[in-house]
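Structure, as structure tokens:
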Amino acid sequence: MGRVKGMLKQAAMLLCVAATAAVGFKWVSAEPALSAEMKPEIAAASAILIDADYGTVYYEMNADDALPPASMSKMMTEIILLDRIKEGAIAWNDKVTISPYAANVAGAEMGAEEGQRLTVEELFAAMTVHSANDAAVALAEHAAGTETQFVEWMNEKAQAIGLSKQAFFANATGLSSADLIRFPQAASLEETSLTARDTAKLAAYLVKVHPKVLDVTKRSEVTVDQSRIVLRTTNMMLPGENHAYNGNDGLKTGYTQRAGYCFTGTAERNGKRLIAVVMGTPNSDARFTETEKLFRYGFGRKSADSWQAMLRAVLINHN
């Protein structure tokens, strides 16, 4: 009997994978079909937990409320840049000249100076690991000529990915317009807005289409070769950090006064990758403690529940 059950489970897995590949999937909540478990209480304005591969939603709270994502929007900046590199439009070893705008932009920075020349690779690592705004602006200007043009690409990509109509990218950094208004070159007329569901979908797209980005996001620090400046990660869930979580290898923090403390985290255990988003947590530590609650909940679910959720997602899409 046990052997039969095992064979049925394997068959279900193959059916799920094949059907998903054939018809794609919509993001559906797993909760109605799964056994009752205690959901975590999450101290955030909104939150969501999804399976990165199947799109199954394990947890959501105010997930469709449009909120400022702060630097989590840099995941779209990363996508645009990685797309351009893949297309051959720019290269990792390109030298980028730092503009006055990039050198003086507010918030987290790598300390780039006006006129300094740094490679795309150095700037990308600084932006991704340290959330450096000067690096993000420099890369956007290098790739598109102006940040305004780069932002057009960001919003075109949002539509192509299938983000909601509420999703809007106003600049390459995630900063508030008030932080950018003094720079004539800045895209500073509007505010960036994403839902938690949009942000999770953005993260899932990033790690699926550009999986090597995780080789960068998992780094606890990066060194700018030219100046030997060491830039520390902002992700405190990486190994050796204050909120280290086994399996975490990214993805992006965010903070502005408008947004509060935000985090998009991803972790993989036993071949299962989760993506969690928390927006508007009360302090820096809370974004990681609340993410850990979501990860524990997601990885702690019974395997049978996970199969039911995936099969349900496939059946809904098939119908």
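Keep in mind that the numbers below use all heavy atoms, side chains included, and drop hydrogens, waters and symmetry copies.
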Checklist entry - Where do Ile161 and Leu202 land on the side-chain contact (heavy atoms from CB on, under 4.5 Å) test, with the steps shown first? => result CA-CA 8 Å; Ile161 291 173; Leu202 185 66; 4.1 Å; yes
I need the full list of salt bridge (charged side-chain N to carboxylate O under 4.0 Å, His left out) pairs touching [range], with sequence neighbours left out, sorted by first then second residue.
range            : value
residues 229-249 : Glu221-Arg232, Arg232-Glu241, Asp249-Arg273
residues 151-174 : Asp83-Lys157
residues 278-298 : Glu290-Lys293, Glu292-Arg296

Next on the checklist: Among residues at least two apart in sequence or on other chains, which ones pass ring-ring contact (aromatic ring centres under 6.0 Å, His included) with Tyr245?
Outcome noted: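 Here the qualifying residues are Phe295.
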Checklist entry - Got a sec, which residues hit ring-ring contact (aromatic ring centres under 6.0 Å, His included) with His210, two or more places apart in sequence or on another chain? => result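 By the ring-ring contact (aromatic ring centres under 6.0 Å, His included) rule, His210 matches no residue at all.
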Verify the cluster assignment for [X] and [Y]: are they in a single hydrophobic cluster under the rule of side-chain heavy atoms below 4.5 Å apart?
X      : Y      : answer
Met75  : Val209 : yes
Leu67  : Val57  : yes
Leu206 : Leu238 : no
Val120 : Met110 : yes
Phe169 : Val105 : no

Item to check | Reference residue Val277; test side-chain contact (heavy atoms from CB on, under 4.5 Å); the match among Thr291, Thr199, Leu251 | outcome: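 Of the listed residues Thr291, Thr199, Leu251, the side-chain contact (heavy atoms from CB on, under 4.5 Å) partner of Val277 is Thr199.
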Please report the shortest heavy-atom distance between [X] and [Y], naming the atom on each side.
X      : Y      : answer
Val151 : Ala170 : CG2-O, 3.6 Å
Ala102 : Ala138 : CB-N, 4.0 Å
Ala52  : Ala204 : O-CB, 4.2 Å
Thr195 : Met279 : C-SD, 4.0 Å
Ile50  : Ala200 : CG1-CB, 4.1 Å
Gly250 : Asn248 : O-ND2, 2.7 Å

Distance check, rounded to the nearest 0.5 Å: [X] atom [atom1] versus [Y] atom [atom2]?
X      : Y      : atom1 : atom2 : value
Asn133 : Met127 : CG    : CE    : 10.5 Å
Thr119 : Lys95  : OG1   : NZ    : 6.0 Å
Leu82  : Thr77  : CG    : OG1   : 10.5 Å
Leu274 : Thr266 : CG    : OG1   : 7.5 Å
Asp94  : Leu123 : CG    : CG    : 10.5 Å
Glu78  : Thr217 : CD    : OG1   : 8.0 Å

Does [X] have more than 12 heavy atoms from other residues, nucleotides or ligands lying within 6.0 Å of its [atom1]?
X      : atom1 : value
Gln149 : CD    : yes
Asn270 : CG    : no
Glu87  : CD    : yes

Would a distance-only check, ignoring hydrogens and angles, find a side-chain to backbone donor-acceptor pair under 3.5 Å from [X] to [Y]?
X      : Y      : answer
Arg197 : Ile48  : no
Glu114 : Ala103 : no
Asp51  : Tyr54  : yes
Thr128 : Ala125 : no
Asp134 : Ala112 : yes
Thr256 : Ala259 : yes

How would you list, by chain and number, every residue that makes a side chain to side chain donor-acceptor pair (under 3.5 Å) with [X], sequence neighbours excluded?
X      : result
Glu141 : Ser99
Ser131 : Ser71, Lys74, Lys252
Ser164 : Asp198

Next on the checklist: A side-chain contact here means heavy atoms from C-beta on lying under 4.5 Å apart; do Arg219 and Thr233 qualify?
Outcome noted: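 When only atoms from C-beta onward are counted, Thr233 and Arg219 do not touch, as no gap falls below 4.5 Å.
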Item to check | Side chains of Leu294 and Ile42 in contact at under 4.5 Å (non-hydrogen atoms) | outcome: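 Of all side-chain heavy-atom pairs linking Ile42 with Leu294, at least one is under 4.5 Å.
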Checklist entry - What pairs meet the ring pair (Phe, Tyr, Trp, His ring centres under 6.0 Å) rule with one or both residues in residues 182-207, with sequence neighbours excluded? => result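 Non-adjacent pairs meeting ring pair (Phe, Tyr, Trp, His ring centres under 6.0 Å): Tyr101-Phe183.
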Checklist entry - Any ring pair (Phe, Tyr, Trp, His ring centres under 6.0 Å) pairs touching residues 73-99, not counting sequence neighbours? => result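 For residues 73-99: Trp92-Phe124.
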Checklist entry - What residues form a salt bridge (charged side-chain N to carboxylate O under 4.0 Å, His left out) with Arg258, not counting sequence neighbours? => result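 Arg258 satisfies salt bridge (charged side-chain N to carboxylate O under 4.0 Å, His left out) with Glu191 once adjacent residues are dropped.
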Item to check | Evaluation steps, side-chain hydrogen bond (donor to acceptor under 3.5 Å, both in side chains), between Asn171 and Thr173 | outcome: CA-CA 6 Å; Asn171 53 63; Thr173 60; 3.1 Å; yes
Checklist entry - Under the 4.5 Å side-chain heavy-atom rule for ILVMFWY, direct or indirect, which residues accompany Tyr255? => result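 For the cluster that includes Tyr255, the remaining residues are Tyr261.
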Next on the checklist: Could you check, using the six-membered ring where one of them is a Trp, whether Phe288 and Phe263 have ring centers closer than 6.0 angstrom?
Outcome noted: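 Centroid distance Phe288-Phe263: below 6.0 Å, so yes.
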